[in-house]
Q: 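Okay, handing you the structure first.
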Number of protein chains: 2
Amino acid sequence: MGPRAAETRTRTPLTRERVLQAASDLADRDGLEALTMRALADSLGVEAMSIYYHLPNKDAILDGVVELTFAEVATEAQGQGAGGSPADAAGWAAAVRERILGARRVLLRHPWAPVVIDQRKSFSPAMVRHVDGIVGIMREAGMSHDLIHHSLHAIGNRIYGYVQELSDDGQAPPPGQLEQMQSFAPNLAAMLAEVAHVDPESTLGWCDDQVEFEFGLDLLLEGIERRRVTEAAA
Amino acid sequence: MGPRAAETRTRTPLTRERVLQAASDLADRDGLEALTMRALADSLGVEAMSIYYHLPNKDAILDGVVELTFAEVATEAQGQGAGGSPADAAGWAAAVRERILGARRVLLRHPWAPVVIDQRKSFSPAMVRHVDGIVGIMREAGMSHDLIHHSLHAIGNRIYGYVQELSDDGQAPPPGQLEQMQSFAPNLAAMLAEVAHVDPESTLGWCDDQVEFEFGLDLLLEGIERRRVTEAAA
DNA sequence: GGAAGAAGCCTCACGTTGTAAGGTGAACGA
DNA sequence: TCGTTCACCTTACAACGTGAGGCTTCTTCC
């Protein structure tokens with residue numbers, strides 16, 4: 001039998017994985033700024049310096065939780081239509097769209113992740129694999145590497161650099177502020193006044209992030225599709 | 001005469017503006033992480049706590065430098081064709097494009113600015129004015145507030161959330177890494193292998209950020225233009 | 001001219017951060 | 001039984017933002 005049989009009362013031992021999972025949970029619960037070495041250790045019932053036995057430093061922890069997040073993206077992706085390949089010339093955009101929205105679904109559960117991703121270089125293998133899948137779909141649709149490359153850049157910011165954008169709280173700004181804005185930003189003020197109350201049933205205050213996200217994504221995908229057709233005709 | 005005439009030998013006095021300018025310079029020179037209260041004070045020939053007489057705290061400084069950056073954007077914009085309004089139904093996209101590229105030119109001189117902008121809420125008046133100008137152009141082209149609103153979201157990330165993206169150093173990754181990637185990200189590796197050596201005369205290593213940026217921007221602008229035509233036809 | 005007070009800068013100190021250095025006790029191979 | 005190694009802990013330090021309050025120097029009013 002393993003050494004676990006003789007175990008008496010020690011707490012479950014620290015591992016790299018347990019630390020990273022706890023870090024992710026802590027950031028989910030209390031936000032990225034609450035992810036300190038001492039708080040993390042505390043949530044594991046351990047002293048801060050004990051963590052350094054399993055991870056070299058905090059940067060490694062940040063890299064680790066990003067990796068962990070993209071592992072989640074991968075399982076999310078294979079949960080969907082992983083069977084056939086609907087990525088022919090016609091359907092590539094739908095397939096890419098689905099992958100990206102899937103990644104977004106995961107990132108919405110870990111709002112700190114995009115922040116961490118673009119604060120550091122952070123090219124984790126799982127993230128690379130995710131991008132690779134998208135390249136594969138576009139490649140199957142017959143797109144050139146050059147077009148794919150540009151498209152990745154165009155789309156890239158949108159996924160990984162995705163941030164909460166305006167109005168986290170989902171409520172209108174302090175009432176006085178809008179009419180004050182009217183004086184020096186009249187166009188913007190007019191727009192906000194009209195748009196603000198259009199669809200109160202949307203998920204979040206005046207700007208439904210999901211709607212906005214898909215609007216931008218579709219603009220890009222449509223544009224890329226037209227470039228693909230042009231390229232294929234040549 | 002003013003009190004300046006009687007001045008003997010004191011150093012030039014601290015002001016809010018001088019502090020903010022020094023902060024911007026320091027971040028330009030040594031990076032955002034080097035912008036600490038003590039280092040900032042040092043660059044002003046002063047002790048850290050003296051700054052607090054002119055600014056309430058570090059957040060105010062960060063807000064201030066963003067404001068200062070967008071003031072630069074404003075002067076850059078009025079340097080260009082501020083005379084007539086070429087923002088009719090046909091030319092709105094070109095006008096918006098020019099504004100955004102102008103903002104980008106400034107932000108490239110202050111690479112820390114986008115980071116600061118989306119770390120905090122940071123809706124500085126100058127930034128609001130900049131957005132307002134874009135709304136005005138689109139409005140003149142007859143677009144609905146709804147379409148403008150969505151378009152702002154689509155474009156927004158691209159400007160303010162703009163980050164350096166991959167390969168800051170502008171060089172290819174460590175040579176071994178690419179063929180290692182080949183095993184678990186073959187599509188990506190293939191693309192990189194082909195794209196990497198295409199245009200060595202471009203400004204920065206393998207990914208010319210300016211080209212990529214304009215590619216994405218044009219995709220969005222074209223898509224928005226088609227939505228505008230559809231909307232105008234209704 | 002002299003007193004009062006404000007303006008502007010400084011010293012000191014505290015709590016929090018990441019982490020280097022090294023200690024301690026249990027498990028284990030010789 | 002005796003190191004050695006593993007896993008965790010204690011102590012300590014430099015750097016961070018900043019609260020409390022002190023010391024000049026200038027302005028203002030009598």
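Just so it is clear: chains get the letters A, B, ... in the order the sequence lines come, proteins before strands, and each one is counted from 1.
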Q: May I have the distance from A:E47 (atom CD) to C:dT17 (atom P), rounded to whole angstrom?
A: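 Those two atoms, CD and P, are 14 Å apart.
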Q: Taking A:K58 for the side chain and A:T36 for the main chain, is one N or O donor matched with an acceptor at less than 3.5 Å?
A: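 Not at all, since once roles are kept as given, no pair shorter than 3.5 Å links the two residues.
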Q: Please report the closest heavy-atom contact between A:H54 and A:T15, naming both atoms and the distance.
A: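 Closest pair (atom of A:H54, atom of A:T15, distance): ND1-CA, 4.0 Å.
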Q: Using a cutoff of under 3.5 Å, can you pull out all pairs of nitrogen or oxygen atoms linking the protein to nucleotides 17-20 of chain D, with atom names and distances?
A:
unit_1	atom_1	unit_2	atom_2	d
D:dG17	OP1	B:K58	NZ	2.7
D:dG17	OP2	B:M37	N	2.9
D:dG17	N7	B:R38	NH2	2.8
D:dG17	O6	B:R38	NH2	3.0
D:dT18	OP2	B:Y52	OH	2.8
D:dT18	OP2	B:K58	N	2.9
D:dT18	O5'	B:Y52	OH	3.4
D:dT18	O4	B:R38	NH1	3.4

Q: OP1 or OP2 of D:dA7 versus the side-chain N and O atoms of A:S50: is any pair under 4.0 Å?
A: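 So the side-chain polar atoms of A:S50 never come under 4.0 Å of the phosphate oxygens OP1 or OP2 of D:dA7.
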Q: Does the side chain of A:I148 reach to within under 4.5 Å of the side chain of A:I134, using non-hydrogen atoms?
A: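 Answer no - side chains too far apart.
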Q: Does a side-chain N or O of B:Y53 approach OP1 or OP2 of C:dG8 to a distance below 4.0 Å, or not?
A: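 Affirmative; the distance criterion is met.
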Q: Taking only N and O in the side chain of B:H54, is any of them less than 4.0 Å away from OP1 or OP2 of C:dC9?
A: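 Checking C:dC9 against B:H54, a side-chain N or O does come within under 4.0 Å of OP1 or OP2.
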Q: Answer yes when A:R105 and A:E98 have at least one side-chain N-carboxylate O distance shorter than 4.0 Å, and no when they do not.
A: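 Here A:R105 pairs with A:E98 in a salt bridge, since their nearest N and O are under 4.0 Å apart.
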Q: Send over the distance from B:E33 CD to C:dG18 C1', rounded to a whole Å.
A: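 One finds 15 Å between C1' of C:dG18 and CD of B:E33, rounded.
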Q: In whole angstrom, what separates B:L40's CG from D:dA15's P?
A: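 Atom CG in B:L40 sits about 17 Å away from atom P in D:dA15.
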Q: How would you list, by chain and number, every residue that makes a salt bridge (Lys or Arg N to Asp or Glu O under 4.0 Å) with B:R16, sequence neighbours excluded?
A: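 So B:R16 forms no salt bridge (Lys or Arg N to Asp or Glu O under 4.0 Å) with any residue.
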Q: Measure from CG on A:L44 to C1' on D:dA7 and round the result to the nearest Å.
A: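 About 14 Å, once rounded to whole Å.
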Q: State, yes or no, whether a side-chain contact exists between A:D63 and A:V66 at a heavy-atom distance under 4.5 Å.
A: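 They are not in side-chain contact.
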Q: Check step by step if side-chain contact (heavy atoms from CB on, under 4.5 Å) holds for A:T69 and A:V116.
A: CA-CA 11 Å; A:T69 299; A:V116 174; over 6 Å; no
Q: Separation of B:R16 atom CZ from C:dA7 atom P, in whole Å?
A: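 In whole Å, C:dA7 P and B:R16 CZ are 18 Å from each other.
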Q: Would B:R38 and B:E47 pass as an ion pair if we require N to O under 4.0 Å?
A: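 Salt bridge: no.
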Q: Give me the atom names and distance for the closest heavy-atom approach of A:A71 to A:A126.
A: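 Minimum heavy-atom separation between A:A71 and A:A126: N-CB, 4.0 Å.
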Q: For nucleotides 22-24 of chain D, print each protein N/O atom paired with a nucleotide N/O atom at under 3.5 Å, atom names and distance only.
A:
none

